[in-house]
Undergrad: 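Take a look at this one; I'll ask things after.
Each ligand, and each atom within it, is numbered from 1 in the order the structure gives. Index from 1, following the sequence.
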Amino acid sequence: MKKSITIVANWKMMPANLSEAKVLFEKTKKAAKKYSSLSVVVCPPAVFLGALKSGGQKGYFLGAQNMSGEKEGAYTGEVSSSMLKSLGVSYVIVGHSERRAMGETDAAISQKLRRALLEDLSPILCIGERSRDKDGNFFEAVKQQLERSLADVPAKLAGKLLIAYEPLWAIGEFSKGAITPRDLHEMIIFIRKTLVNLYGRKAISVPILYGGSVDDANAPLFIKEADAAGLLVGRTSWNALSFENLLRFLAKK
Ligand code: PGA
């Protein structure tokens with residue numbers, strides 16, 4: 001049986017207001033319905049989550065971009081895992097590089113992953129090197145990030161975990177652009193090996209996604225040639241038409 005492919009739309013701090021968010025969400029939902037062989041996870045800003053409903057549509061899910069590692073209490077401005085659950089959220093991005101750049105540590109990320117898994121949410125752990133060197137030291141950097149981020153996550157909790165490999169140099173409008181499918185394939189094998197060392201056979205089923213300058217043209221290559229289990233999409237998901245194109249290209253055999 002063909003494994004299902006997960007496409008995560010990371011809206012970041014977009015769009016500007018709730019009415020635009022509703023429009024984008026409904027258009028994206030309609031597009032996802034046409035290509036229901038794909039799992040589509042939409043991650044809007046937290047303030048919009050309560051107003052957007054996936055309505056139980058097959059293969060269409062709501063995700064958050066971040067959450068607190070604490071269960072409850074005096075944490076001004078934070079959002080807990082149970083609050084997300086109560087709004088129908090089933091996925092949460094954890095440790096995105098834009099949050100790490102604001103000071104999020106591996107230890108905090110590990111605590112968040114644990115909390116999400118205990119709450120039965122599927123956390124999408126983001127990892128990736130800042131830059132690449134000729135000697136391949138970046139592999140070690142990715143390994144360390146992975147091991148540290150998963151320090152609080154024992155194998156028995158890892159069932160709903162997803163990994164998103166997002167090299168920093170490939171993310172956003174000022175980046176060098178996406179990775180090549182060949183380099184991605186190599187990194188996916190490396191991440192899988194690291195996970196197997198941590199979790200044994202259980203790690204074989206952990207989906208490894210790719211993110212960084214994904215568009216409709218390169219998306220199918222990452223799935224077919226690099227064997228990514230899915231994609232984490234920033235800019236291309238902010239426009240309903242571009243995102244629909246991406247889904248269509250992916251759904252094509
Ligand atoms: P991008 O962002 O697709 O706009 O490069 C990806 C991400 O940061 O998740």
Undergrad: Of all the atoms in ligand 1, which lie at a distance below 4.0 Å from a heavy atom belonging to Asn10?
TA: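 Heavy-atom distances to Asn10 below 4.0 Å select 9 (O).
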Undergrad: Check contact between Gly172 and ligand 1, using heavy atoms of the residue and a distance below 4.0 angstrom.
TA: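 Within the 4.0 Å threshold, so yes.
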Undergrad: Determine, step by step, whether Leu49 and Leu62 satisfy the side-chain contact (heavy atoms from CB on, under 4.5 Å) criterion, reporting the C-alpha distance in whole Å, the side-chain angles of both residues, the deciding distance to 0.1 Å, and the verdict.
TA: CA-CA 8 Å; Leu49 282 167; Leu62 207 50; 3.7 Å; yes
Undergrad: Heavy-atom distances under 4.0 Å are what count here, so tell me which part of Glu173 touches ligand 1: side chain, backbone, both or neither.
TA: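 For Glu173, there is no contact with ligand 1 at all, from either part.
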Undergrad: Between the side chains of Gln145 and Glu129, is a donor N or O closer than 3.5 angstrom to an acceptor N or O?
TA: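 On atom types as modelled, these side chains do not qualify, holding no pair under 3.5 Å.
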Undergrad: Regarding Glu244 and Lys27, does a basic nitrogen lie under 4.0 Å from an acidic carboxylate oxygen?
TA: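 Salt bridge absent between Glu244 and Lys27.
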Undergrad: To check your reading of the model: name the closest protein heavy atom to atom 2 (O) of ligand 1, its residue, and the distance in Å.
TA: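 The answer is Lys12 NZ, 3.2 Å.
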Undergrad: Can you pull out the closest protein heavy atom to atom 9 (O) of ligand 1? Residue, atom name and distance to 0.1 Å, please.
TA: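 Looking at atom 9 (O) of ligand 1, the protein heavy atom closest to it is Glu166 OE2, 2.8 Å.
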Undergrad: What residue and atom, counting heavy atoms only, is the protein's closest point to atom 4 (O) of ligand 1, and at what distance?
TA: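 Its nearest protein heavy-atom neighbour is Arg235 NE, 2.7 Å.
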Undergrad: Without hydrogens or angle criteria, can the side chains of Asn137 and Glu140 be said to hold a donor-acceptor pair below 3.5 Å?
TA: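 Judged by distance alone, the side chains do not pair up.
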Undergrad: Using side-chain contact (heavy atoms from CB on, under 4.5 Å), reason through Met67 and Val89 one step at a time and then give a plain yes or no.
TA: CA-CA 11 Å; Met67 54 166 260; Val89 169; over 6 Å; no
Undergrad: Applying side-chain contact (heavy atoms from CB on, under 4.5 Å), run through Lys143 and Phe190 and close with a yes or a no.
TA: CA-CA 8 Å; Lys143 180 169 176 255; Phe190 178 79; 3.8 Å; yes
Undergrad: Tell me which protein heavy atom sits closest to atom 3 (O) of ligand 1, plus the residue, atom name and distance to 0.1 Å.
TA: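 Sorting protein heavy atoms by distance from atom 3 (O) of ligand 1 puts Gly234 N, 2.9 Å first.
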Undergrad: How are the rings of Phe25 and Trp11 set relative to one another: parallel (under 30°), tilted (30 to 60°) or perpendicular (over 60°)?
TA: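 Geometry flag for Trp11 against Phe25: perpendicular rings.
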Undergrad: Considering only heavy atoms of Leu232, which atoms of ligand 1 have at least one such atom less than 4.0 Å away?
TA: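 Heavy-atom distances to Leu232 below 4.0 Å select 9 (O).
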Undergrad: Does ligand 1 have a heavy atom under 4.0 Å from the side chain of Ile171, from its backbone, from both, or from neither?
TA: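 Within the 4.0 Å criterion, Ile171 contacts ligand 1 through backbone and side-chain atoms alike.
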